Amino acid sequence: MPSPSGGFEVPLWRALAVFRMASLAYVCVLAVRDADRYAHPYAVAGLVLVMIIWTGATSVGYARPAWRRWPLLLADLGVVLAVVLATPWVVGRTALTHGVPTMGVAWMAGPVLAWAVSGGRRRGTVAALLVAGADLATRERIGQSSFTGVILMLLAGVVVGHVARLAAGAEERLQRAVELEAATRERERLARDIHDSVLQVLALVQRRGADLPGEAGELARLAGEQEAALRALIAGGGPAAVSLPAGPEAVDLRTLLSRYASSAVALSAPATPVPLPRRVAGELAAATGAALDNVGRHAGGRAWVLIEDEGATVTVSIRDEGPGIPDGRLAEAAAQGRLGVTQSIRGRVSDLGGTVRIVSAPDAGTEIELTVPRAVR
């Protein structure tokens, strides 16, 4: 596939147009100089006219990103090959033997450079081999100078193709940097707005209702928790500040789990990053969130989350100080269609090749250990 036409490649296409114009001018100078030595001078004049027309057509065509595709690339190569292969007849074998240059000379490198800019080193090498093969086929004798031209054309295809790929990669990185800067600016703007409105209201509700009995006190407690979570989120600790890569690159599990930290949930993590593949980290964080949801619904009070990096495996422990889980309660809940633990926790971890251990006793709280391997099965 042709690379996307970006700002960094535009100078390469413009340079190609300049090269073709300059090489065409050189061909015209040689045609005038050697006109009396050609076997068919009028055919040479016609061929030069074709080269002039085609140079103008390619200059216009390659200037438009939508046209830098296979139809124009193949047509460009075909025209140049035709011009090169017509050389023995229009110039004459005798003239070629006495050192008269072929019709293509430097002009025939045009499609090689176009293929290299559009597709990189490999495509430039293919075009160079095809053009060089046609040029060698027109010669009666192949000497060191002939191979020198072939080598130079190959080097041009490889070097220009490499530069084009570097330009495309640099443009992609620049685009990502621009998008990241825009996202950061928007996040900072939202953070200011939230700080001036939502956070102040939540803090006011928490302060005013902290000592109230009943549901009012519970609402104040929830407001305090949401204020702490929201402050962590806009400060960059939550998942909104984490851009998960599209591939299997590692992400820091600590960052994903920090969204759950609040006045009711204490998070303990290693001082160094805990890198995991994107899918593993995302599923483990989701399972942890499901476990904390169960704590909020059934246990209340505080919860503790501990991240342990054990090398080949990573374990996340969720412990609460609730009433515990009675024997048989999980099986009964699954039979009733309540699949929170079965699917949201066990299912996620099992799909990763991990294990779930639940330790609970009446009036002794519950501890859930989620252990997953670093490598996805």
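Just so it is clear, the model here is predicted, and its values are computed rather than measured.
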Exercise. For T125 and L154, run side-chain contact (heavy atoms from CB on, under 4.5 Å): C-alpha distance rounded to whole Å, both residues' side-chain angles, the deciding distance at 0.1 Å, then the answer.
Key: CA-CA 6 Å; T125 301; L154 282 172; 4.1 Å; yes
Practice problem: Any chance you could lay out the side-chain contact (heavy atoms from CB on, under 4.5 Å) test for V372 and T313, step after step, and finish with the verdict? | Solution: CA-CA 6 Å; V372 297; T313 61; over 6 Å; no
Quiz item: When you look at I318 and V316, which way does the side-chain contact (heavy atoms from CB on, under 4.5 Å) test go after all the steps?
Solution: CA-CA 7 Å; I318 305 98; V316 177; 4.1 Å; yes
Exercise. Would you please test R346 and I358 for side-chain contact (heavy atoms from CB on, under 4.5 Å) and show each step?
Key: CA-CA 10 Å; R346 291 189 187 275; I358 301 177; 3.5 Å; yes
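Hydrophobic clustering of Ile, Leu, Val, Met, Phe, Trp and Tyr side chains at less than 4.5 Å, counting indirect connections, keeps V60 apart from V80. Under the 4.5 Å side-chain heavy-atom criterion for grouping Ile, Leu, Val, Met, Phe, Trp and Tyr, Y26 is connected to M153 within one hydrophobic cluster. Under the 4.5 Å side-chain heavy-atom criterion for ILVMFWY residues, a single connected hydrophobic cluster contains both V131 and W70. Y62 and M21 are not part of a single hydrophobic cluster, where members link through side-chain heavy atoms under 4.5 Å apart. V112 and L74 fall within the same hydrophobic cluster, where Ile, Leu, Val, Met, Phe, Trp and Tyr residues are linked whenever their side-chain heavy atoms come under 4.5 Å apart, directly or through other members.
Note: Q175 CD to L180 CG = 11.5 Å, rounded to the nearest 0.5 Å. Of the inter-residue distances, the one linking T315 atom OG1 with R357 atom CZ reads 9.5 Å to the nearest 0.5 angstrom. Put simply, CG on L81 and CG on L85 are 6.0 Å apart, with the number rounded to the nearest 0.5 Å. Here the straight-line distance linking atom OG of S23 with atom CG of L16 works out to 9.0 Å at 0.5 Å rounding. Interatomic distance, CD1 of I307 versus CG of L284, reported as 8.0 Å (0.5 Å rounding). Between the OG atom in S59 and the CH2 atom in W54 there is a gap of 10.5 Å [rounded to 0.5 Å].
R374 and D309 are joined by a salt bridge, as a carboxylate oxygen and a charged side-chain nitrogen come within less than 4.0 angstrom of each other. With respect to the salt-bridge test (charged N to carboxylate O, under 4.0 angstrom), the residues E181 and R176 do not qualify.
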Donor-acceptor pairs are to be reported for all side-chain atoms of residues 97-110 against protein atoms at under 3.5 Å, with residues two or more places apart or in another chain.
| residue | atom | partner | partner atom | Å |
| --- | --- | --- | --- | --- |
| T97 | OG1 | R93 | O | 2.8 |
| H98 | ND1 | T94 | O | 2.8 |
| W107 | NE1 | T55 | OG1 | 2.9 |

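For the pair R20 and P111, the minimum side-chain heavy-atom distance is below 4.5 Å. By the 4.5 Å heavy-atom criterion applied to side chains, R68 and L72 are not counted as neighbours. Proximity of V90 to Y42: side-chain heavy atoms (C-beta onward) are nowhere separated by under 4.5 Å. Contact of the L12 side chain with the V160 side chain is not registered, since no non-hydrogen atoms from C-beta on lie closer than 4.5 Å. Inter-residue side-chain proximity for R279 and L352 is flagged as met; some heavy-atom pair is nearer than 4.5 Å.
Residues near L306 contribute nothing to a hydrophobic cluster around it, because no ILVMFWY side-chain heavy atom sits closer than 4.5 Å to its side chain.
Closest approach of P41 and A35 over heavy atoms only: CG-O, 3.9 Å. Across all non-hydrogen atoms, the minimal contact from L292 to A303 is CD2-CB, 4.0 Å. When all heavy atoms of A116 and G157 are compared, the closest pair comes out as CB-O, 3.4 Å. Nearest heavy atom pair, residue L130 against residue L77, reads CD1-CD2, 3.6 Å. Pairing each heavy atom of I345 with each of A290, the nearest pair is CG1-CB, 3.9 Å. In plain terms, the two heavy atoms of V265 and Y260 that are nearest each other are CB-O, 3.3 Å.
Counting only N and O atoms by type, the side chains of S118 and R123 include a donor and acceptor under 3.5 Å apart.
Between H40 and W89, the angle of the ring planes stays under 30°, which puts this pair in the parallel group of the 30/60° scheme.
Formation of a donor-acceptor pair under 3.5 Å by the R122 side chain with backbone atoms of G161 is not found in this model.
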